[in-house]
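Note that ligands are numbered from 1 as they come in the structure, with each ligand's atoms numbered from 1 the same way.
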Amino acid sequence: MSDDFAIRLLAWFDVSGRHDLPWQHPRAPYRVWLSEIMLQQTQVQVVIPYFERFVAALPDLPALAAAPLDDVLALWSGLGYYARARNLHAAAKLCVERHDGDLPRDLDALTALPGIGRSTAGAILAQAWGDRCAILDGNVKRVLSRVHGIAGWPGLPAIEKQLWAIAEAQLPHARLADYTQAQMDFGATLCTRHDPACVICPMQRDCIALRDGRVAELPTPKPGKPLPERRTLVLWAEDSAGRVLLQRRPPVGIWAALWSLPEHDDHDAARHWFDAHLGGDYDHAEPLQAIVHGFTHYRLQIQPLRWRGAEAKPAVGDNVDLRWVARDELVALGIPAPIRKLLENTQLPEG
Ligand code: SF4
């Protein structure tokens, strides 16, 4: 699997990764370092204009070291987490004092600088010089926890150690800069925290979380942290024969491509959908007992609304992602567990 992971990841990166980021052209150590620091806590699209302004004003490490801190903070203004800018400035001064105005090409010397941890140092070495160094940022922790089925909060030293060992064992022997960028892109755009696109994922054959149905559970969240709650409405329309109108969910995201009750965030959206697809009166809905379903990163409160004797409008007949399903057909369809439970455990309509 270890070689395979890198081969597949690089093949994915060639087609779907980011190749036009400003710090990739050129991938000079100073530019890579600056981008890595800016990207901590901040998304790529937000960082790009800040990065471009910063390197236009302070194009190299000696220029950064010589600039007044106020100028550096002004260039950082709006990016937040200003300790990053202060550390960047302090580290630049140290590089002038200790390393002739360059970043050192050495893991220990890099991590001795303010604001540079082991993963950032690895990212700089791999991207700027192509050195065989692993990274383990939040994205990589998530991907490795899922692909290798590793339970336990990744912030625990024992789990982190295990993940570092895997990250190092999987390193390819070439294209380290691309591989590093590929890992970041893969976690940021495909194996995302809430909406992993498992159906199009090049790792799906070997992904233990996918095999075991544990994608939403991994990585294990930090213990003791109360989960945020989200609410949603599910619309349960039944025709006079007791068939249920089900909708196929989008191909990516939670419960990707499964059949479920149509779902909406609020009554306005739900009413709009109802009026477009069904006859009858939205306000005649029968609200059922809400269900709470726990995901890794949030709790979902599902409020079912039910209409009996509903009639579909003609447009429903042409929609391949909407269908009336008889109760005895439910068993053969892929349906999210809490929705199946709702459909199967709620009493049949009388008559
Ligand atoms: S199959 Fe899904 S969970 Fe596994 S690596 Fe791919 S996107 Fe992530």
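- Protein N/O/S atoms closer than 2.8 Å to atom 8 (Fe) of ligand 1, listed by chain and residue number, are C191 SG.
- A donor-acceptor pair under 3.5 Å links the side-chain atoms of Q24 to the main chain of L21, judged by distance alone.
- Heavy-atom neighbours of Q43 CD from other residues, nucleotides or ligands within 6.0 Å: at or below the threshold of 12.
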Self-check item: Derivation of the ring-ring contact (aromatic ring centres under 6.0 Å, His included) call for Y282 and W307
Solution: CA-CA 8 Å; Y282 180 82; W307 296 264; 5.6 Å; yes
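- Other members of the cluster containing L210 are V215, with ILVMFWY side chains joined at under 4.5 Å, either directly or via other members.
- Take H89 and apply the ring-ring contact (aromatic ring centres under 6.0 Å, His included) test, not counting sequence neighbours, and it matches no residue.
- Within the structure, salt bridge (charged side-chain N to carboxylate O under 4.0 Å, His left out) pairs that include any residue of residues 15-41 comprise R18-D185, R27-D178 (at least two apart or interchain).
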